[in-house]
Amino acid sequence: ANGMWKLYMRLYSFDLSKDWRSYITNIHPVAVLCKIMHDVSSGIHYMHNNLVIHCDIKPHNILFDTNNMRAVITDLNLAVYNPQTMLSTRVQTSNYRAPEVDFSKKYGQFGYLIDIYSIGCVMYWLLTCERFVGIVDDDSTRGCCDALGLPMYSNRTERYFVLKSLMHHQLVTVLSERVNKTSWKTLCRVDMMSGAHCIRFIDKWFDIMAKCLLPDYSKRIDSQSLF
C-alpha cells in the first residue's frame, strides 16, 4: 500500500540461547535435541551446497518453533557467498569462532568448516547450558586451548600446532570429562531413558560433537556427515 513493501515473517517461540527445556515440557529433551540438530544440519548443508558460509552460527541465531517442532538458522549478516579465499577476520562470535580464523589473521584463509566448528560449540551448549569456549583475549586459539586444558603458549603458532595435534579419541575423552562435571544428565532427564537408548544417544552425540570441534579443520567432518 502507498508504494511501500511489507515483509511478513513467521514468529518463532524462542532462540536457543534461552533455556529451551523450559519451553518444551511434553517431549523428552533428548528427542528435542536430536530434532534441533537434524534441522540445523539440514540448514547448514543446504547453505554450503549453495556456496554460502553462514559465519555466525550460535544459539542466538537458531530459532525454534514449538508448534511444529522445527529449528531454523537465521541472521545471515556475516554470511559469505561463493568464497574463494576469505580475507576478512570479522566473522563468527568469539565463543563460537574456529581456531583457524584467528590463526589466519595474517593470511586470511578459511572456509566452510568454520561453520562446523560452531555447530560443535552449539551442541555442547545444548547439552549442558554452558559455553564450550570462554573469551580469552578475543583469540580463539587461546580460548580453545583453555577449553581443552592444553598449554597456553604465548606464541599463536605454537598454540595452533598443539591444537592441530589433537586426535578425535582424545577430544572425546576431554569432552566427556568436561560434560560429566555439569548437570547435563539432570537437564536431559537421562534417568527416564532405557540403558541402550541412552548409550546410543551419548555415543553418537559425543562422536559428532568431537568431529565438529577438531581444531585441525582438515580432520573435521563436513555438513553432509552431520545428523
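Model, not experiment: these values are computed from the prediction.
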Out of curiosity, [X] [atom1] to [Y] [atom2], how far, rounded to the nearest 0.5 Å?
X: L175; Y: L148; atom1: CG; atom2: CG; result: 7.0 Å
X: D56; Y: T74; atom1: CG; atom2: OG1; result: 10.5 Å
X: I57; Y: H54; atom1: CD1; atom2: NE2; result: 4.5 Å
X: L171; Y: L163; atom1: CG; atom2: CG; result: 10.5 Å
X: L113; Y: R220; atom1: CG; atom2: CZ; result: 6.0 Å
X: L226; Y: C212; atom1: CG; atom2: SG; result: 5.0 Å

Minimum heavy-atom distance between [X] and [Y], given as atom pair plus value:
X: C55; Y: V80; result: SG-CG2, 3.9 Å
X: M152; Y: R142; result: CE-O, 3.4 Å
X: I114; Y: Q92; result: O-NE2, 2.9 Å
X: P151; Y: C145; result: O-SG, 3.8 Å
X: M69; Y: V32; result: CE-CG2, 3.9 Å
X: H48; Y: V52; result: CD2-O, 3.2 Å

All side chain to side chain contact (heavy atoms under 4.5 Å, CB included) counterparts of [X], not counting sequence neighbours:
X: N68; answer: R10, D65, R70
X: A31; answer: I27
X: V30; answer: H28, C34, C188, M193, F201
X: Q224; answer: H45, D222

Checklist line | Other residues, nucleotides, ligands: >12 heavy atoms within 6.0 Å of Y153 OH | finding: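 Open: at most 12 neighbouring heavy atoms sit under 6.0 Å from OH of Y153.
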Any link between [X] and [Y] through a network of hydrophobic side chains (Ile, Leu, Val, Met, Phe, Trp, Tyr) touching at under 4.5 Å?
X: L63; Y: L33; result: no
X: I73; Y: L11; result: no
X: I36; Y: Y46; result: no
X: V162; Y: V174; result: yes
X: V40; Y: F14; result: yes

Margin query: Please enumerate all residues that pass ring pair (Phe, Tyr, Trp, His ring centres under 6.0 Å) together with Y12, with sequence neighbours excluded.
Written below: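 None.
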Next item on the list: List for me each residue that meets ring pair (Phe, Tyr, Trp, His ring centres under 6.0 Å) alongside Y124, sequence neighbours excluded, and say none if there are none.
Entry: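 Y124 satisfies ring pair (Phe, Tyr, Trp, His ring centres under 6.0 Å) with F132 only.
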Item checked: salt bridge (Lys or Arg N to Asp or Glu O under 4.0 Å) pairs, two or more places apart, involving residues 115-136 ->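 The answer is none; no pair qualifies.
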Check: salt bridge (Lys or Arg N to Asp or Glu O under 4.0 Å): which pairs involve residues 172-190, sequence neighbours left out?
Finding: none
Next item on the list: For the pair D139 and R156, find out whether any cationic side-chain nitrogen is under 4.0 Å from an anionic carboxylate oxygen.
Entry: yes
Next item on the list: Could I get the full list of side chain to side chain donor-acceptor pair (under 3.5 Å) partners for W184, not counting sequence neighbours?
Entry: N180
Note to self: Could you work out, with side chain to side chain donor-acceptor pair (under 3.5 Å) as the rule, every residue matching D39, not counting sequence neighbours?
What the structure shows: K35
Next item on the list: Could you list all the side-chain hydrogen bond (donor to acceptor under 3.5 Å, both in side chains) pairs where at least one residue sits in residues 162-174, not counting sequence neighbours?
Entry: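 Those involving residues 162-174 are H168-D207.
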Check: Is there a side chain to side chain donor-acceptor pair (under 3.5 Å) between N95 and T93 once you walk through the steps?
Finding: CA-CA 6 Å; N95 301 102; T93 301; over 6 Å; no
[Y] side chain reached by [X] side chain, heavy atoms, under 4.5 Å:
X: Y160; Y: N155; result: no
X: I119; Y: M37; result: yes
X: V122; Y: I62; result: yes
X: Y217; Y: P99; result: no

Check: Would you say the side-chain atoms of S118 pair up with the backbone N or O of K58, donor to acceptor, closer than 3.5 Å?
Finding: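 No, S118 side chain to K58 backbone: no donor-acceptor pair under 3.5 Å.
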Notebook entry, point to check: Does K18 have any salt bridge (Lys or Arg N to Asp or Glu O under 4.0 Å) partners at least two apart in sequence or in another chain, and if so, which?
Noted result: D15
Note to self: For a side chain to side chain contact (heavy atoms under 4.5 Å, CB included) check, start with the C-alpha distance between M47 and Y112, then their side-chain angles and the critical distance, and finish with the verdict.
What the structure shows: CA-CA 10 Å; M47 288 186 197; Y112 296 100; over 6 Å; no
Is there a donor-acceptor contact under 3.5 Å linking the side chains of [X] and [Y]?
X: T128; Y: T182; value: no
X: S13; Y: N67; value: no
X: R97; Y: S140; value: no

Checklist line | Derivation of the side chain to side chain contact (heavy atoms under 4.5 Å, CB included) call for L126 and M123 | finding: CA-CA 5 Å; L126 289 174; M123 291 179 70; 5.5 Å; no
